[in-house]
Amino acid sequence: MSKNREIESKTLLEKNVFSAILKTFPSKKSFTQINYYFDNDKETLKNNKISLRIRLYPDKAEQTMKVPAKKLRQESYHEVIEINDSLSLKVAQEIVENSLNGGVTIFGNNCGKYLFDNFSDICQDLKIFSYSKTTRHLLVGPNDCELTLDETSYPDRYQDFELEIENDNPDLIKQTLNTLIQQFNFHPNPQNTNQNKIARASLHRN
């Protein structure tokens, strides 16, 4: 289990800008993950600004919750507390299949404890409401700051392209983002900045 504060800049990009950044900087690694998103029919988690998902990787899996930080360290970027529990791929696949077939999903470990402590009345009502498939590229960007480039597809075949810069130092995020803006001539605005991937998954359901 890990629990950490996540501070990141998130910017949706045009495909040509995404491709240009991907070709410019050295690659650390690339991988694919499938993300299954959970809530109840009343969208209780969404209404409390909480996201809950199971991520399937080629050889492992995890369950992840992102919850609001009680006290923000900065105000410019997306900031949450992320709770992760490791799962075996087999167990995670069984949870997903059970939920897709209408079964009850009970989360355990630290995600389950958070749910029981804060939302005990909905613990047996959670189910998959959407999913996405992401190819993630980790790059060594300007200032040796790691860049994350996500190419994501949704159930209705919609695709988007996103740049994430996650770092504990907001000043480094700002400096790195400004360098990329100048080099690749893209324009962050309220419509493409700090947008929620789960919200997009909900919008682009079948």
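The analysis underlying the following values was restricted to heavy atoms, covering all of them including side chains, and did not include hydrogens, waters or symmetry mates.
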Output for pair (Tyr37 OH, Thr64 OG1), nearest 0.5 Å, gives 10.5 Å
Residues 138-149 side chain polar contacts: donor-acceptor under 3.5 Å, at least two apart:
{"unit_1": "Asn143", "atom_1": "OD1", "unit_2": "Gln175", "atom_2": "NE2", "d": "3.4"}
{"unit_1": "Asn143", "atom_1": "ND2", "unit_2": "Thr176", "atom_2": "OG1", "d": "3.2"}
{"unit_1": "Glu146", "atom_1": "OE1", "unit_2": "Lys28", "atom_2": "NZ", "d": "2.6"}

N/O donor-acceptor pair under 3.5 Å between Glu62 side chain and Ser88 backbone | no
One should read off an interatomic distance between Leu177 CG and Ile165 CD1, to the nearest 0.5 angstrom, of 4.5 Å
Atom pair NZ (Lys42) and CG (Asp121), whose distance is rounded to the nearest 0.5 Å | 8.5 Å
May I have the step-by-step check of salt bridge (charged side-chain N to carboxylate O under 4.0 Å, His left out) for Asp41 and Lys127, ending in yes or no?
-> CA-CA 8 Å; Asp41 289 337; Lys127 60 184 180 181; 2.8 Å; yes
Taking every heavy atom of Arg205 against every heavy atom of Ser130, the minimum-distance pair comes out as CG-OG, 3.3 Å
Would you tell me whether Asn110 and Asp85 have side-chain atoms, one donor and one acceptor, within less than 3.5 Å of each other?
-> yes
side-chain contact (heavy atoms from CB on, under 4.5 Å) assessment of Leu115 paired with Met65 = CA-CA 9 Å; Leu115 287 167; Met65 294 190 74; 3.8 Å; yes
Lys197 and Glu162 ion-paired at < 4.0 Å | yes
Do Gln124 and Leu126 come close enough that some side-chain heavy atom pair is under 4.5 Å?
-> no
Can you get from Val96 to Tyr57 by hopping between Ile, Leu, Val, Met, Phe, Trp and Tyr side chains that sit under 4.5 Å apart?
-> no
Ring centres under 6.0 angstrom apart (Phe107, Phe116) | no
What are the two closest non-hydrogen atoms of Ala69 and Arg5, and how far apart are they?
-> CB-NH1, 3.5 Å
Short side-chain to backbone donor-acceptor contact, Asn189 and Gln191, under 3.5 Å | yes
Mind listing the closest non-hydrogen atom pair of Asn84 and Arg55 along with its distance?
-> OD1-NH1, 4.5 Å
How about Thr24 and Ile21: do any of their side-chain heavy atoms sit closer than 4.5 Å?
-> no
Could you tell me whether Glu82 and Lys3 make a salt bridge, using a distance below 4.0 angstrom between a side-chain N and a carboxylate O?
-> no
Any side-chain heavy atom of Asn178 within less than 4.5 Å of one from Leu180?
-> no
Answer yes if the side chains of Ser202 and Arg200 hold a donor-acceptor pair under 3.5 Å, and no otherwise.
-> no
Should Phe129 and Ile50 be regarded as members of a common hydrophobic cluster, given that ILVMFWY residues are connected when their side-chain heavy atoms come within less than 4.5 Å of each other, either directly or indirectly?
-> no
Between the NZ atom in Lys174 and the CG atom in Asn167, the distance rounded to the nearest 0.5 Å is 15.0 Å
In terms of the angle between their ring planes, are Tyr36 and Tyr131 parallel, tilted or perpendicular, with boundaries placed at 30° and 60°?
-> tilted
Pairs touching residues 96-108 that satisfy side chain to side chain donor-acceptor pair (under 3.5 Å), sequence neighbours left out = none
Hey, quick one: are Leu100 and Leu52 part of the same hydrophobic cluster, counting side-chain heavy atoms closer than 4.5 Å, chains of contacts allowed?
-> yes
Could you give the distance from CZ (Arg53) to CG (Leu45), rounded to the nearest 0.5 Å?
-> 11.5 Å
Looking only at atom types and distance, does a side-chain atom of Asn118 sit under 3.5 Å from a main-chain N or O of Lys113, one as donor and one as acceptor?
-> no
Co-membership, hydrophobic cluster, residues Ile198 and Ile54, 4.5 Å side-chain = no
Indicate whether the side chain of His78 and that of Asn194 have a donor and an acceptor atom separated by less than 3.5 Å.
-> no
Side chains of Gln159 and Tyr154, donor plus acceptor under 3.5 Å | no
Please step through side-chain contact (heavy atoms from CB on, under 4.5 Å) for the pair Asn109 and Leu87, ending with a clear verdict.
-> CA-CA 10 Å; Asn109 302 318; Leu87 299 173; 4.2 Å; yes
Do Leu89 and Lys60 have side chains that get closer than 4.5 Å, going by heavy atoms?
-> no
In Å and rounded to the nearest 0.5 Å, what is the OG to NE2 distance from Ser153 to His204?
-> 11.5 Å
Taking side chain as C-beta onward, heavy atoms only, is Glu6 less than 4.5 Å from Glu79?
-> no
Give a yes or no on whether Asn48 atom CG has more than 12 heavy-atom contacts from other residues, nucleotides or ligands under 6.0 Å away.
-> yes
Backbone of Tyr77 reached by a side-chain donor or acceptor of Gln74 within 3.5 Å | yes
Answer with yes or no whether the hydrophobic clustering places Ile81 together with Ile7; edges join I, L, V, M, F, W, Y residues whose side-chain heavy atoms lie under 4.5 Å apart.
-> no
Check: Asn35/Gln33 side-chain N/O donor and acceptor closer than 3.5 Å = yes
Going by distance alone, is a donor N or O of one side chain under 3.5 Å from an acceptor N or O of the other, for Thr152 and Tyr158?
-> no
Salt bridge between Lys46 and Asp39, side-chain N to carboxylate O under 4.0 Å?
-> no
Give the table of side-chain donor-acceptor pairs shorter than 3.5 Å for residues 10-20, with sequence neighbours excluded, one pair per line with atom names and distance.
{"unit_1": "Lys10", "atom_1": "NZ", "unit_2": "Glu164", "atom_2": "OE2", "d": "3.2"}
{"unit_1": "Ser19", "atom_1": "OG", "unit_2": "Lys15", "atom_2": "O", "d": "3.0"}

Take Asn40 and Phe119, measure what side-chain contact (heavy atoms from CB on, under 4.5 Å) needs, and give me the verdict at the end.
-> CA-CA 11 Å; Asn40 66 346; Phe119 300 97; over 6 Å; no
